[in-house]
Amino acid sequence: MATLFDAEVVKMNKRRPNALDLRHPFFLPLWRRVVLVALMGFWTVVEINYGNPYWALLSAGIGAYAIYVFFFDFTLPHDDNDAP
């Protein structure tokens, strides 16, 4: 017999979409990763030119994180299961 607690456990096991999920299959082509990193670099320069150092720091941080994930640690979630 299913209880309310069982329904809550099923809800908790569902994967929530991440707002900054850079390991999504959408980013598999190299050109999309390069365009996103270039866009973040461009936006950092725009924010610096308009005198917004905090937004420039935020966009530079996201760009640095994107560089790390895209070019140094890019694995898709289903690739983790295939590793020996």
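From a predicted model like this one, the values you see are computed outputs, not experimental measurements.
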side-chain contact (heavy atoms from CB on, under 4.5 Å) filter on Leu57, not counting sequence neighbours, yields none

For Asp73, which residues count as a side chain to side chain donor-acceptor pair (under 3.5 Å) partner, sequence neighbours excluded?
-> Arg23

Check whether Tyr68 and Phe26 end up in the same hydrophobic cluster, where Ile, Leu, Val, Met, Phe, Trp and Tyr are linked by side-chain heavy atoms less than 4.5 Å apart.
-> yes

Hydrophobic side-chain clustering at under 4.5 Å (ILVMFWY, transitive links): who's grouped with Ile48? Put none if nobody.
-> none

Connected to Val35, directly or through other members, by ILVMFWY side-chain contacts below 4.5 Å are Trp31

Looking only at non-hydrogen atoms, find the nearest pair between Val34 and Phe71 and report the distance.
-> CG2-CZ, 4.1 Å

List the atom pairs, with distances to 0.1 Å, where a side-chain N or O of residues 38-46 and a protein N or O form a donor-acceptor pair under 3.5 Å, not counting sequence neighbours.
from: Trp43; atom 1: NE1; to: Glu47; atom 2: OE2; distance (Å): 3.0
from: Thr44; atom 1: OG1; to: Met40; atom 2: O; distance (Å): 2.8
from: Thr44; atom 1: OG1; to: Ser59; atom 2: OG; distance (Å): 2.9
from: Thr44; atom 1: OG1; to: Ala60; atom 2: N; distance (Å): 3.3

Leu30 versus Phe70: any side-chain heavy-atom pair under 4.5 Å?
-> no

If Ile, Leu, Val, Met, Phe, Trp and Tyr residues are connected whenever their side-chain heavy atoms lie under 4.5 Å apart, and connections chain through other members, are Tyr50 and Leu58 in the same group?
-> no

Does any pair with a residue in residues 33-44 pass salt bridge (Lys or Arg N to Asp or Glu O under 4.0 Å), and if so which ones, sequence neighbours excluded?
-> none

